[in-house]
Peer 1: 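Input: one structure, supplied below.
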Amino acid sequence: MVLTREEMKLKQMESETFSACVEYGFFYLINHGIEDTLIWEVFRESKKFFALPPEEKMKLEHNDAHRGYTPIYAETLDPSSEFKGDLKESFYIGPNGGTSSGKDPNQWPLEESLPSWRATMESYYERVLAVGRRLLSLIAFALNLDDQFFEKIGALNSPMAFLRLLHYPGELGASDKGNYGASAHSDYGMVTLLATDGVPGLQICREKEKHPQLWEDVSHIDGALIVNIGDMLERWTNCIFRSTLHRVLVIGKERYSVAFFLDPNYDCVVECLESCCSKTSPPRFPPIRSGDYLRERLRVSYSSK
């Protein structure tokens with residue numbers, strides 16, 4: 001059999017994707033098609049929002065639809081943390097039309113305060129969603145599935161896709177000593193696509209079951225998105241693909257990042273893929289509805305200590 005140049009390129013990408021998902025669960029995505037200018041604009045608008053007075057930000061406090069502002073200490077990603085919450089503030093933007101009323105459940109800053117904010121975020125949301133869909137096609141192909149597998153089972157029919165703007169403050173109080181910007185965790189869903197501002201602090205632990213844990217710094221590459229596999233995709237692949245433990249250190253310097261969580265349709269059933277189990281390697285997890293799984297994980301993260 002003779003492969004064309006495009007077929008050879010696809011085979012190489014399939015092999016590289018499979019290796020990255022199996023060995024690390026974290027990898028860089030370049031040539032994704034999102035212009036640097038748009039990414040810079042997202043960071044610029046994000047900084048404008050987080051610079052607002054606390055009382056202005058709290059007017060858009062995180063609602064039941066999981067949209068809006070979360071203040072510092074609102075979330076604890078590591079339930080075993082001794083601190084009252086992680087040292088970060090954030091803002092969630094989700095899909096439009098996610099309610100029975102058909103109204104946009106998202107919360108938006110006033111246009112007179114931040115006139116370009118909503119348009120910038122909506123533009124980036126659509127672009128990174130398209131990148132995520134293409135990435136999942138490649139992941140399906142790497143799993144010896146039809147490249148449209150996730151589309152065909154309905155996982156990407158109105159997916160639960162959330163954009164999260166993150167700000168890690170630079171100034172810390174004495175009571176924050178030893179705390180983390182984001183305590184150790186693995187992401188809950190399918191895949192996360194992360195843009196960072198170049199400030200260090202992100203670390204991964206490849207062997208999450210081993211103790212003591214070995215943590216490695218994740219370097220910044222200009223123009224690249226950092227992709228990490230979530231727990232839901234780990235379940236789907238029977239732990240062949242790895243969801244990697246990661247955290248963000250507090251280094252005394254402001255840090256901004258933009259995470260995009262691409263998760264399946266709320267009613268999509270996540271169960272072990274046929275290509276990932278056998279008689280000698282039976283499914284490790286029972287089937288579960290995507291929405292039920294994510295709702296419980298989020299409940300634990302936002303429970304008061």
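Scope of the values below: all heavy atoms of this structure, side chains included, with no hydrogens, waters or symmetry mates.
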Peer 1: Are Tyr24 and Val191 linked, directly or through intermediate hydrophobic residues, by side-chain heavy-atom contacts shorter than 4.5 Å (ILVMFWY only)?
Peer 2: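 Unlinked, Val191 and Tyr24 end up in two clusters.
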Peer 1: Once you round to the nearest 0.5 Å, how far does NZ of Lys210 lie from SG of Cys205?
Peer 2: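 These two atoms lie 10.0 Å from each other.
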Peer 1: Below 4.5 Å, heavy atoms only, C-beta onward: do Leu202 and Ile226 meet side chain to side chain?
Peer 2: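 Contact flag for Leu202/Ile226 side chains = yes.
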Peer 1: Check step by step if side-chain contact (heavy atoms from CB on, under 4.5 Å) holds for Val270 and Phe285.
Peer 2: CA-CA 9 Å; Val270 178; Phe285 308 100; over 6 Å; no
Peer 1: Between Glu75 and Thr70, does a side-chain contact (heavy atoms from CB on, under 4.5 Å) hold up when you go through it step by step?
Peer 2: CA-CA 8 Å; Glu75 178 186 53; Thr70 62; 6.0 Å; no
Peer 1: Determine, using ring centers only, whether Phe91 and Trp117 are less than 6.0 Å apart.
Peer 2: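 Here the rings of Phe91 and Trp117 have centres that are less than 6.0 Å from each other.
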Peer 1: Would you find a donor on one side and an acceptor on the other, under 3.5 Å apart, between the side chain of Thr76 and the backbone of Pro79?
Peer 2: no
Peer 1: Would you mind reporting whether Asn96 and Pro105 have side-chain heavy atoms less than 4.5 Å apart?
Peer 2: yes
Peer 1: From the options Tyr92, Phe162, Tyr69, select the one residue that forms a ring pair (Phe, Tyr, Trp, His ring centres under 6.0 Å) with His62.
Peer 2: Tyr92
Peer 1: Just wondering, are more than 12 heavy atoms of other shown residues or ligands nearer than 6.0 Å to CG in Asp36?
Peer 2: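 More than 12 heavy atoms, drawn from other residues, nucleotides or ligands, come within 6.0 Å of this atom.
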Peer 1: With no hydrogens and no angle check, is any side-chain donor or acceptor of His185 less than 3.5 Å from a backbone partner on Ser183?
Peer 2: yes
Peer 1: Please determine whether residues Met160 and Ile229 belong to a single hydrophobic cluster, defined as Ile, Leu, Val, Met, Phe, Trp and Tyr linked transitively by side-chain heavy-atom distances below 4.5 Å.
Peer 2: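 Yes.
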Peer 1: Listed by chain and number, what are the salt bridge (Lys or Arg N to Asp or Glu O under 4.0 Å) partners of Asp263, not counting sequence neighbours?
Peer 2: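 Listed in chain order: nothing, the list is empty.
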Peer 1: Taking atom types as modelled, find out whether Asp187 and Thr192 have a side-chain donor-acceptor pair closer than 3.5 angstrom.
Peer 2: yes
Peer 1: Apply the test side-chain contact (heavy atoms from CB on, under 4.5 Å) to residues Asp146 and Lys152: give CA-CA distance (whole Å), side-chain angles for both, the deciding distance (0.1 Å), then the verdict.
Peer 2: CA-CA 9 Å; Asp146 185 299; Lys152 289 178 178 178; 2.9 Å; yes
Peer 1: If we count only N and O atoms by modelled type, under 3.5 Å, do the side chains of Gln203 and Arg247 hold a donor and an acceptor together?
Peer 2: yes
Peer 1: Is it true that the side chains of Asp231 and Ser186 contain a donor and an acceptor less than 3.5 Å apart?
Peer 2: yes
Peer 1: Are Phe241 and Phe18 close enough that their ring centers fall under 6.0 Å?
Peer 2: yes
Peer 1: Shared ILVMFWY cluster between Leu166 and Met121, side chains joined below 4.5 angstrom?
Peer 2: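 They do not share one cluster, since no chain of ILVMFWY contacts under 4.5 Å joins Leu166 to Met121.
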Peer 1: So, does Asn238 use its side chain to make a donor-acceptor pair with the main chain of Cys272 at under 3.5 Å?
Peer 2: no
Peer 1: Please check if the number of heavy atoms outside Glu35 that lie under 6.0 Å from its CD is greater than 12.
Peer 2: yes
Peer 1: Please tabulate, for the side chains in residues 25-33, all donor-acceptor contacts under 3.5 angstrom to protein atoms that are two or more places apart in sequence or on a different chain.
Peer 2:
unit_1: Tyr28; atom_1: OH; unit_2: Ser219; atom_2: N; d: 3.4
unit_1: Tyr28; atom_1: OH; unit_2: Ser219; atom_2: O; d: 2.6
unit_1: His32; atom_1: ND1; unit_2: Ile34; atom_2: N; d: 3.1
unit_1: His32; atom_1: NE2; unit_2: Gly223; atom_2: O; d: 2.7

Peer 1: For Glu171, is the CD atom crowded, meaning more than 12 foreign heavy atoms sit under 6.0 Å from it?
Peer 2: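 No, CD of Glu171 has 12 or fewer neighbouring heavy atoms, counting only those of other groups under 6.0 Å.
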Peer 1: Is there side-chain contact between Phe149 and Leu143, with heavy atoms separated by less than 4.5 Å?
Peer 2: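 No. Closest side-chain heavy atoms not under 4.5 Å.
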Peer 1: Is there side-chain contact between Phe260 and Arg127, with at least one heavy-atom pair below 4.5 Å?
Peer 2: no
Peer 1: To the nearest 0.5 Å, how far apart are CD1 in Ile93 and CG in Asn106?
Peer 2: 6.5 Å
Peer 1: Answer yes or no: is there a side-chain heavy-atom contact under 4.5 Å between Pro287 and Arg235?
Peer 2: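 Sidechains of Arg235 and Pro287: no contact.
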Peer 1: Checking side-chain polar atoms at under 3.5 Å, does Tyr188 have a donor or acceptor matched by the opposite partner on Ser301?
Peer 2: yes
Peer 1: Is any side-chain heavy atom of Tyr180 closer than 4.5 Å to one of Val248?
Peer 2: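 A side-chain contact under 4.5 Å is absent here.
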Peer 1: Just jot down the salt bridge (Lys or Arg N to Asp or Glu O under 4.0 Å) partners of Glu151, sequence neighbours excluded, or say none.
Peer 2: Arg133
Peer 1: For the residue pair Tyr73 and Asp176, confirm or rule out a side-chain donor-acceptor distance under 3.5 Å.
Peer 2: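 Side-chain D/A pair, Tyr73 to Asp176: present.
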Peer 1: My understanding is that only residues two or more places apart in sequence, or in another chain, count here; which of them pass salt bridge (Lys or Arg N to Asp or Glu O under 4.0 Å) with Lys253?
Peer 2: none
Peer 1: Considering only heavy atoms from C-beta outward, does the side chain of Thr244 approach that of Lys208 to under 4.5 Å?
Peer 2: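 When only atoms from C-beta onward are counted, Lys208 and Thr244 do not touch, as no gap falls below 4.5 Å.
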Peer 1: According to salt bridge (Lys or Arg N to Asp or Glu O under 4.0 Å), who are the partners of Arg295, at least two apart in sequence or on a separate chain?
Peer 2: Asp292
Peer 1: Find out if a path of hydrophobic residues (ILVMFWY) with successive side-chain heavy-atom gaps under 4.5 Å connects Phe49 to Leu110.
Peer 2: no
Peer 1: Output the distance between atom CG (Asn179) and atom CD (Glu82), rounded to the nearest 0.5 Å.
Peer 2: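 So the gap between those two atoms works out to 8.0 Å.
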Peer 1: Using the test side-chain contact (heavy atoms from CB on, under 4.5 Å), find all partners of Asp197 that sit at least two apart in sequence or belong to another chain.
Peer 2: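 Checked Asp197 against side-chain contact (heavy atoms from CB on, under 4.5 Å); matches are Phe43, Val199, Arg255, Tyr256.
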Peer 1: Does the distance from a Lys or Arg side-chain N to an Asp or Glu carboxylate O, for Lys57 and Glu89, drop under 4.0 Å?
Peer 2: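 The answer is yes: the pair qualifies as a salt bridge.
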Peer 1: State, yes or no, whether a side-chain contact exists between Leu194 and Leu225 at a heavy-atom distance under 4.5 Å.
Peer 2: no
Peer 1: Taking atom CD as the centre, does Gln148 end up with more than 12 heavy-atom neighbours from other residues, nucleotides or ligands that are less than 6.0 angstrom away?
Peer 2: yes
